[in-house]
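Residue numbers start at 1 and run along the sequence shown. The structure displayed is predicted, hence computed values, not measured ones. Computed from heavy atoms alone, side chains included, the values below leave out hydrogens, waters and symmetry copies.
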Amino acid sequence: MSARRLDGTAVAAAIRSELAADVAELTRRLGRPPSLSIVLVGDDPASKVYVRNKEKAGAEAGLAVTVHRLPATAALDDVLSLVRALNVDDRCDGILVQSPLPPAMGKQASEQVFDAIAPAKDVDGFHAENVGRLVQGRPLLPPCTPTGVIALLEREGVRIAGTHAVVIGRSDIVGKPMAMMLLQRDATVTICHSKTKDLAAVVRTGDIVVSAIGRPGYVTPEMIKPGAVVVDVGTTPVEDRGIVVRLFGPESPRVASFDRRGSTVVGDVHPAVAEVASALSPVPGGVGPLTITMLLRNTLEAARARLAPAGR
Ligand code: GUN
């Protein structure tokens, strides 16, 4: 069996074309394009790439995207002051502070910064109030990656209700909200993590498996129930050719691509899982394009709510 590919690129393109009408309507009503402010602190290479992709996608969708860059030496107070200024800036609809923040800012820095963002502008959905609302099943701005996974499953016709969904990983950004969103769609949900006993056996009971741990090729075919639907949320940049050869085979197009670029992004799911699963969302081309699409959608929601706050 070879799994059906859950095509995140196609689903994201369809949703983005649906959003175009919302962008036009909001631009007319606001008298300006809906706007997204991105705060990037320091020089983390992966963060720079993520921010560039968000900026590009926003501009292509017709949003006004402003990137505020602060040096790695900035103080936590500098970030908090910028966020507070954006909170009260009428021309700013959505705020996103790219994580991770520089380690020198301290362990709790991200939490403090996320909680400083006005919940109504928190397009990442990371503010404690938005997390609480998600848990209660009345989200305002839901986190982008798990929302993207749900959109992919629903648009590709995957039934969630009544299934056993296994989420691997318990991060605040993906694992925990993912589990909550699957539960709200009537799945029975298990969250696995580094201390789970016999993780492989637990994962093998999943009708839907979502992996978000950032370990290339960790989920192998023996861990998957035949016919399960597998969603790969892991995205680990790999610069070791040996890993790419081991996972994809020496003659694979992936190794050829690695040889051209010197690196590649690899998911948590071993490619051989495609022989066992009924459907598989790959890396790249799976959840990634949907995450950014959900960010665009959240920005439009935030802008719409600012026009009609009573409607919330
Ligand atoms: N770093 C990695 N993923 C994310 C994300 O979704 N949002 C933000 N703000 N930072 C991230």
Would you say [X]'s side chain and [Y]'s backbone share a donor-acceptor pair under 3.5 angstrom?
| X | Y | value |
| --- | --- | --- |
| R133 | R138 | yes |
| R204 | E222 | yes |
| D268 | D232 | no |
| T196 | L199 | no |
| E156 | D7 | yes |
| R261 | S263 | no |

Counting only pairs under 3.5 Å, give me each side-chain donor-acceptor contact of residues 168-181, with atom names and distances, residues two or more places apart or in other chains.
from : atom 1 : to   : atom 2 : distance (Å)
R170 : NH2    : H193 : ND1    : 3.4
S171 : OG     : V174 : N      : 2.9
S171 : OG     : G175 : N      : 3.3
D172 : OD1    : K176 : NZ     : 2.7

Any chance you could measure [X], atom [atom1], to [Y], atom [atom2], to the nearest 0.5 Å?
| X | Y | atom1 | atom2 | result |
| --- | --- | --- | --- | --- |
| I292 | E60 | CD1 | CD | 10.0 Å |
| R306 | R29 | CZ | CZ | 13.0 Å |
| L26 | S35 | CG | OG | 11.0 Å |
| E55 | K48 | CD | NZ | 13.0 Å |
| L153 | I160 | CG | CD1 | 5.0 Å |
| T299 | E301 | OG1 | CD | 10.0 Å |

Are [Y] and [X] connected in a single hydrophobic cluster, I mean Ile/Leu/Val/Met/Phe/Trp/Tyr linked by side-chain heavy atoms less than 4.5 Å apart?
| X | Y | value |
| --- | --- | --- |
| V266 | V230 | no |
| V283 | I213 | no |
| L295 | V49 | no |
| L70 | L101 | yes |
| I95 | L80 | yes |

Validation row: [X], [Y] side chains within 4.5 angstrom (heavy atoms):
| X | Y | value |
| --- | --- | --- |
| V149 | L290 | no |
| S47 | L40 | yes |
| L300 | V23 | yes |
| L96 | S37 | no |
| D198 | V202 | no |
| L6 | V229 | yes |
| V166 | S211 | no |
| I15 | M294 | yes |

(Q) Within the supplied structure, the quantity of interest is the number of heavy atoms (other residues, nucleotides, ligands) at a distance under 6.0 Å from E154 CD; does it exceed 12? (A) yes
(Q) Counting neighbours of CZ on R91 that are heavy atoms of other residues, nucleotides or ligands and sit closer than 6.0 Å, is the number greater than 12? (A) no
Closest non-hydrogen atom pair between [X] and [Y], with its separation:
| X | Y | result |
| --- | --- | --- |
| Y50 | Q98 | CD1-NE2, 3.6 Å |
| M223 | A200 | CG-CB, 3.7 Å |
| A302 | L141 | N-CD2, 4.2 Å |
| L82 | H68 | CD2-CB, 3.7 Å |
| S2 | E275 | OG-OE2, 4.2 Å |
| A57 | R16 | CB-NH1, 3.8 Å |

Residues 107-126 side chain polar contacts: donor-acceptor under 3.5 Å, at least two apart:
from : atom 1 : to   : atom 2 : distance (Å)
D115 : OD1    : A128 : N      : 3.1
K121 : NZ     : L86  : O      : 2.8
K121 : NZ     : N87  : O      : 2.9
K121 : NZ     : D89  : O      : 2.9
K121 : NZ     : C92  : O      : 2.9
D122 : OD1    : G125 : N      : 3.3
D122 : OD1    : F126 : N      : 3.4
D122 : OD2    : F126 : N      : 3.0
D122 : OD2    : H127 : N      : 2.8
D122 : OD2    : N130 : ND2    : 2.8

(Q) So, using side-chain hydrogen bond (donor to acceptor under 3.5 Å, both in side chains) as the criterion, who are the partners of R215 when residues are at least two apart? (A) none
**Q.** Member of T235, T147, T145 meeting the side-chain hydrogen bond (donor to acceptor under 3.5 Å, both in side chains) criterion with T291
**A.** T145
Q. Could you walk me through whether T163 and D207 pass the side-chain hydrogen bond (donor to acceptor under 3.5 Å, both in side chains) check?
A. CA-CA 6 Å; T163 63; D207 304 303; 4.9 Å; no
Q) Is the shortest distance from a Lys or Arg side-chain nitrogen in D93 or R32 to a carboxylate oxygen in the other one below 4.0 Å? A)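 Result for this pair is yes, salt bridge flagged.
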